[in-house]
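Quick one: structure below, then a few questions.
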Amino acid sequence: MTSSPLSTDLYCVMGNPVAHSRSPAIHTRFAELTGEPVRYERRLVPLDGFAQAVRDFVAQGGRGCNITVPFKTEVPGLATECSERVQLAGAANTLTFRADGSIHADNTDGLGLVADITRNAGVSLAGRDVLLVGAGGAAAGVLGPLLLAGARHITIANRTLAKAEALVQSHSALASLQKSELLAHTPQALDANFDVIINATASSLAGASVPVPASVLRPGCLAYDMMYGPAAQGFLDWARQHGAVPRDGLGMLVEQAAEAFLLWRGVRPPSAQVLAEMQRAA
């Protein structure tokens with residue numbers, strides 16, 4: 001017996017822009033496969049109206065939401081409670097609205113990235129040299145989980161060196177605990193090559209050129225763009241032309257959604273199945 005629409009729980013993704021988001025399709029499929037009574041929609045939020053949009057959604061009975069650009073760094077200020085991942089990153093992508101009125105913020109981006117690289121792509125991060133390109137909210141959200149995955153050496157490359165240095169500083173204690181080396185550089189100053197390169201900049205979305213030189217690529221290394229679909233194509237073509245293994249961020253999107261679904265429903269959806277279905281349909 002299927003649930004009636006009246007008995008479904010409401011979730012959404014908030015962002016600006018948000019029309020391109022594939023999160024509704026992913027969460028709808030998760031709900032179908034797990035039998036969870038979930039309805040999930042997109043919400044376009046005015047650039048100056050994020051806090052009000054969250055209040056409105058809660059008033060309408062919303063149980064949780066995902067947050068995408070450009071609001072991730074605004075999320076912690078609205079939350080009653082922030083996970084350690086959020087405290088470290090200064091950004092969140094998942095809100096849970098609890099029955100007592102409290103709001104819990106978490107960041108599942110890094111968990112999704114690590115799961116996609118290690119499980120779906122089959123590339124171990126333990127003992128590897130990683131280049132993280134960018135120092136904005138996307139990079140901040142994944143740096144902690146990359147360190148926890150055992151990367152030996154992580155270099156953060158960003159045009160504004162001070163932003164990369166700030167990320168190094170905020171994660172220095174964790175890096176020390178993990179016995180990982182953490183460095184900041186500008187893209188022009190890079191003089192090493194790496195096992196894994198992760199593009200966490202908006203360059204792909206903007207159609208800009210690849211922000212690092214091809215000399216950073218070791219033969220056969222993984223070159224990962226956190227964007228997916230047409231936006232990632234330029235980076236993927238560049239990586240392939242220079243002997244790297246390209247991968248876009250669709251798997252990260254599915255895996256971070258699975259972590260959010262688990263937080264909300266207490267059920268882990270079959271993310272690998274959903275990713276395979278989406279890849280076949282692409």
Side-chain angles (χ1 to χ4, degrees), residues 13-27 42 44 66-73 89 91-94 107-118 120-121 123 125 130-143 145-146 156-159 163-164 167 187 194 196-214 216-217 221-242 244-260 271 274-276 278-282:
V13 57
M14 293 186 183
N16 188 335
V18 78
H20 68 284
S21 175
R22 300 181 73 174
S23 292
I26 293 168
H27 282 278
R42 293 181 189 87
L44 178 65
N66 290 126
I67 314 297
T68 186
V69 292
F71 303 114
K72 291 183 182 185
T73 55
N93 74 333
T94 305
N107 195 321
T108 65
D109 281 336
L111 300 177
L113 174 68
V114 169
D116 189 46
I117 289 174
T118 58
N120 300 329
V123 174
L125 288 164
V130 177
L131 174 63
L132 182 60
V133 187
V142 302
L143 181 53
L146 286 170
I156 304 166
N158 195 62
R159 284 180 303 178
K163 288 188 72 175
L167 268 190
F194 300 85
V196 178
I197 293 91
I198 299 164
N199 184 20
T201 72
S203 62
S204 297
L205 202 58
S209 59
V210 175
V212 290
V216 302
L217 301 169
C221 71
L222 178 68
Y224 194 106
D225 197 318
M226 286 168 61
M227 298 296 176
Y228 55 90
Q233 200 57 52
F235 181 88
L236 302 183
D237 290 344
W238 168 82
R240 191 179 290 109
Q241 288 162 9
H242 291 94
V245 178
R247 188 174 182 86
D248 76 1
L250 182 60
M252 174 184 172
L253 181 72
V254 173
E255 294 293 352
Q256 65 80 23
E259 295 290 343
S271 53
V274 173
L275 175 58
M278 296 184 77
Q279 289 171 330
R280 283 197 298 270

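Predicted model, so just to flag it, every value in this text is computed and none were measured. Hydrogens, waters and symmetry mates are skipped; everything else that's a heavy atom, side chains included, is used.
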| Separation between CE of M227 and CG of L250, rounded to the nearest 0.5 Å | 13.5 Å
| field | Inter-residue atom distance T108.OG1 - L113.CG, 0.5 Å rounding | value | 11.0 Å
| Is there side-chain contact between L275 and D116, with heavy atoms separated by less than 4.5 Å? | yes
| query | If you look at every heavy atom in A258 and S271, which pair is closest and at what distance? | reply | CB-CB, 3.8 Å
| said: Quick check for you: to the nearest 0.5 Å, what is the distance between I117 atom CD1 and I198 atom CD1? | reply: 4.0 Å
| note | Between A214 and H242, the two heavy atoms sitting closest are CB-CD2, 3.4 Å
| query | Atom CZ in R240, atom CD in Q233: separation rounded to 0.5 Å? | reply | 6.5 Å
| F71 side chain near N16 side chain, heavy-atom distance below 4.5 Å | yes
| query | Is there a side-chain contact (heavy atoms from CB on, under 4.5 Å) between V254 and N120 once you walk through the steps? | reply | CA-CA 11 Å; V254 173; N120 300 329; over 6 Å; no
| said: Which heavy atom of V210 sits nearest to which heavy atom of G234, and what is that distance? | reply: CG2-O, 4.5 Å
| said: Tell me the closest heavy-atom pair linking I156 and G134, and the distance in Å. | reply: CG2-O, 3.4 Å
| remark: Residues I67 and A92: closest non-hydrogen pair is CB-O, 4.1 Å
| request: In sequence, state the C-alpha distance, the side-chain angles, and the governing distance for D225 and W238, and then conclude on side-chain contact (heavy atoms from CB on, under 4.5 Å). | output: CA-CA 11 Å; D225 197 318; W238 168 82; over 6 Å; no
| note | Interatomic distance, CG@D109 vs CD@E255, rounded to 0.5 Å, equals 12.5 Å
| query | Can you tell if the side chain of V133 reaches within under 4.5 Å of the side chain of V216, non-hydrogen atoms only? | reply | no
| Knowing that exactly one of L253, V142, N199, D248 qualifies, which makes a side-chain contact (heavy atoms from CB on, under 4.5 Å) with M226? | V142
| task | For residues L146 and V114, determine if any side-chain heavy atom of one lies less than 4.5 Å from a side-chain heavy atom of the other. | result | yes
| Between R159 and T201, is any pair of side-chain heavy atoms under 4.5 Å apart? | no
| Any donor-acceptor pair under 3.5 Å from N158 side chain to A135 backbone | yes
| said: Please give me the minimum heavy-atom distance between H27 and N66, naming the atom from each residue. | reply: NE2-OD1, 3.3 Å
| said: Applying the side-chain contact (heavy atoms from CB on, under 4.5 Å) criterion to E259, which one of N93, T94, L111 satisfies it? | reply: L111
| pair N107-K72: side-chain heavy atoms closer than 4.5 Å | no
| query | Any side-chain heavy-atom pair from V123 and Y224 closer than 4.5 angstrom? | reply | no
